[in-house]
S.K.: 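Handing you a structure now.
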Amino acid sequence: RRACVTIVKGGHRRARGAIDYRARMSDSTSASVLLSLAALEALIDPTVAVVRRAAVEVMSRYRSAQTVWDKDGTTAAVEPASAQNPVTEADLAADRVLRTGLLALRPDAGWLSEETTDDPSRLERRLVWVVDPIDGTLEYVEGVDEFAISVGLVLDGAVVLAVLLNPATDELLTAFRGGGVRVQGRAMEPHAARPLQGAVLLASRTETSRGDFDPFRAAMTIQDVGSTAWKLALVAAGRGDAYFTRKPRHEWDIAAGVLLALESGCRVTDLFGQPHRFNQRSPKVAGVVAAREGVYGGVMALIAAAGTLL
């Protein structure tokens, strides 16, 4: 079903019949001021400014010598090529910039980031920033321009604002709940439905190399792309028809991308067809499926036949 939309101030689009989040909040909570479309839209540009400051830390070290650690092994520095789950100086520097800047914008929000030790007090907050300073660190270390700074703002378990920047290509996508998607500052129309056969599936290189997508090749065209967040952004931008993984992901991998894809008119769920809930005690999620109308149902049927890899 294609969403009906109306133009609102600033070029964003609000789906008719979209949830009015203001109705869910009492006047006594400071989060309530965030919930109008105008307040959400006003928060986009300051959030983008913080993300661009973090991008300076990322790009100043890109394709340059820096310390790299492997999260899956020793805490000592390693050779970049040997790291299976790398974290770099740039990840940590960008995380510091994002935390300082975003919490200054919303001091009442909690914080969940891949590169910050988790603080359970976030579970007591209705607003939470969910952040990945560099999603696709492996591509970043390898010098492949397929990574992103991913920022989502969560309210009561749902993402209500997203800013995602690929700093290597300077491609920016933004969205707020009910306001549509902007790509490079331009408002997008919701995607039209299309059939499953021949649809472009954006896939993880690692998962492709393991054969995880072999059961889907007869129906779809497989295109390898780095970074979960970046794949979701490309689907939202109309440069792919679907993305999914049959393996677990974390909230910070998908928060911004889920809202971008939803606001572009895609269907987005976990592997069991359920909407994602964010700011959970465990940040691990049961995969993600994002696809255009006409593609989503076929993808879910193929996944059911092939099974999950959770």
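Residue indices begin at 1 and follow the sequence shown. None of these values were measured; they are calculated from a predicted model.
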S.K.: What's the shortest heavy-atom distance between Trp69 and Thr88, and which atoms?
M.R.: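 Closest heavy-atom pair between Trp69 and Thr88: CZ3-C, 3.8 Å.
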S.K.: Between the main-chain N or O of Ala218 and the side-chain N or O of Gln197, is there a donor-acceptor pair closer than 3.5 Å?
M.R.: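 Flag set: sc Gln197 to bb Ala218 pair under 3.5 Å.
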S.K.: Under 4.5 Å between side-chain heavy atoms, counting indirect links through other Ile/Leu/Val/Met/Phe/Trp/Tyr residues: same cluster for Leu196 and Val289 or not?
M.R.: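 Yes, because Leu196 and Val289 connect within a single hydrophobic cluster, where side-chain heavy atoms sit under 4.5 Å apart.
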S.K.: Could you go through the side-chain contact (heavy atoms from CB on, under 4.5 Å) check for Leu310 and Arg246 one step at a time?
M.R.: CA-CA 7 Å; Leu310 298 175; Arg246 292 187 287 153; over 6 Å; no
S.K.: Please identify which of these residues, Val288, Val235, Ile303, meets the side chain to side chain contact (heavy atoms under 4.5 Å, CB included) condition with Phe244.
M.R.: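 It is Ile303; the other options fail the test.
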S.K.: Has the side chain of Asn166 got a donor or acceptor atom that lies under 3.5 Å from a matching backbone atom of Trp230?
M.R.: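 Between the backbone of Trp230 and the side chain of Asn166 there is no qualifying donor-acceptor contact (under 3.5 Å).
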S.K.: Whether the side chain of Asn279 engages the backbone of Gly157 through a donor-acceptor N/O pair (distance < 3.5 Å, no angle test) should be reported.
M.R.: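 Checking the backbone N and O of Gly157 against the side chain of Asn279, no donor-acceptor pair under 3.5 Å is found.
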S.K.: Do the non-hydrogen side-chain atoms of Val299 and Phe216 ever get within less than 4.5 Å of each other?
M.R.: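 Not in contact.
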S.K.: Please find the pair of heavy atoms, one from Val97 and one from Ala54, that lie closest to each other, and give the distance.
M.R.: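 Between these two residues, the closest heavy atoms are CG1-N, 3.6 Å.
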S.K.: To check you understand the geometry: which heavy-atom pair defines the closest contact between Glu251 and Gln280, and what is its length?
M.R.: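 Taking every non-hydrogen atom into account, OE2-N, 3.0 Å.
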S.K.: Would you call Arg52 and Asp170 a salt bridge, taking side-chain N to carboxylate O under 4.0 Å as the test?
M.R.: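 Judged by the 4.0 Å cut-off on N to carboxylate O distance, Arg52 and Asp170 do form a salt bridge.
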S.K.: Is there a donor in the side chain of Asp95 and an acceptor in the side chain of Ser113, or the other way round, less than 3.5 Å apart?
M.R.: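 The answer is yes; a qualifying pair exists.
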S.K.: Could you tell me whether a side-chain N or O of Arg53 sits under 3.5 Å from a main-chain N or O of Val48, the two making a donor and an acceptor?
M.R.: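 No; judged by distance alone, with no hydrogens or angles, the pair does not exist.
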S.K.: Given the rule in the salt bridge (Lys or Arg N to Asp or Glu O under 4.0 Å) test, do Asp270 and Arg249 qualify, once you have shown the distances and angles that lead to the verdict?
M.R.: CA-CA 10 Å; Asp270 66 15; Arg249 286 293 182 267; over 6 Å; no
S.K.: What about Val58 and Tyr62, same hydrophobic cluster or not, with Ile/Leu/Val/Met/Phe/Trp/Tyr joined at side-chain heavy-atom distances under 4.5 Å?
M.R.: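 Cluster IDs for Val58 and Tyr62 match.
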S.K.: How about Leu40 and Ile44: do any of their side-chain heavy atoms sit closer than 4.5 Å?
M.R.: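 A side-chain contact under 4.5 Å is absent here.
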S.K.: Please check this pair: side chain of Glu41 against backbone of Ala39, looking for a donor-acceptor N/O pair closer than 3.5 Å.
M.R.: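 Checking the backbone N and O of Ala39 against the side chain of Glu41, no donor-acceptor pair under 3.5 Å is found.
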S.K.: Determine, stepwise, if the pair Lys71 / Glu115 fulfils salt bridge (Lys or Arg N to Asp or Glu O under 4.0 Å).
M.R.: CA-CA 10 Å; Lys71 293 181 183 178; Glu115 308 306 346; 3.1 Å; yes
S.K.: If you look at every heavy atom in Leu173 and Ala233, which pair is closest and at what distance?
M.R.: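 For Leu173 versus Ala233, the nearest heavy atoms are CD2-O, 3.5 Å.
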S.K.: Between Asp241 and Arg292 (salt bridge meaning N to carboxylate O under 4.0 Å), is one present in this structure?
M.R.: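 Salt bridge between Asp241 and Arg292, a charged N being under 4.0 Å from a carboxylate O: yes.
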S.K.: Does any N or O in the side chain of Asp135 come within less than 3.5 Å of the main-chain N or O of Ala229, such that one atom is a donor and the other an acceptor?
M.R.: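 Such a contact is found between Asp135 side chain and Ala229 backbone.
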S.K.: Can you tell me if Ser227 and Tyr140 form a side-chain donor-acceptor pair at under 3.5 Å?
M.R.: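 There is no such pair (donor and acceptor under 3.5 Å, judged by atom type) between the side chains of Ser227 and Tyr140.
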S.K.: Take Leu43 and Leu161 through the test side-chain contact (heavy atoms from CB on, under 4.5 Å) and record every step on the way to the result.
M.R.: CA-CA 8 Å; Leu43 192 58; Leu161 180 146; 3.8 Å; yes
S.K.: Where do Ala256 and Leu164 come nearest, in terms of heavy atoms and distance?
M.R.: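 Taking every non-hydrogen atom into account, CB-CD1, 4.4 Å.
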S.K.: Has the side chain of Arg194 got a donor or acceptor atom that lies under 3.5 Å from a matching backbone atom of Val295?
M.R.: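 Side chain of Arg194 to backbone of Val295, a donor-acceptor pair under 3.5 Å: no, none is there.
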S.K.: Report yes or no: does Arg177 contribute a side-chain atom to a donor-acceptor pair with the main-chain N or O of Val159 at less than 3.5 Å?
M.R.: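 Looks like yes, one N/O pair under 3.5 Å.
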S.K.: Has the side chain of Glu57 got a donor or acceptor atom that lies under 3.5 Å from a matching backbone atom of Ala93?
M.R.: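 Flag not set: sc Glu57 to bb Ala93 has no pair under 3.5 Å.
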S.K.: For Glu146 and Arg205, what are the C-alpha separation, side-chain angles and deciding distance, and is it a side-chain contact (heavy atoms from CB on, under 4.5 Å)?
M.R.: CA-CA 11 Å; Glu146 296 173 356; Arg205 290 187 181 87; 2.6 Å; yes
S.K.: Side-chain heavy atoms under 4.5 angstrom apart, residues restricted to Ile, Leu, Val, Met, Phe, Trp, Tyr: same cluster for Leu234 and Leu138?
M.R.: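 Result: no, two separate clusters.
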S.K.: Decide yes or no for Lys247 and Arg210: does some side-chain heavy atom of the first lie under 4.5 Å from some side-chain heavy atom of the second?
M.R.: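 Of all side-chain heavy-atom pairs linking Arg210 with Lys247, at least one is under 4.5 Å.
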S.K.: Using side chain to side chain contact (heavy atoms under 4.5 Å, CB included) as the criterion, point out the one residue from Val51, Leu98, Ile149, Thr116 that pairs with Pro133.
M.R.: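 So the option named by the test is Leu98.
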S.K.: Can you name the nearest heavy-atom pair linking Leu302 to Ala219, along with the distance?
M.R.: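 Between these two residues, the closest heavy atoms are CD1-CB, 4.1 Å.
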S.K.: Between Arg217 and Ile222, is there a donor-acceptor pair closer than 3.5 Å when you use the side chain of the first and the backbone of the second?
M.R.: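 It does not hold such a pair.
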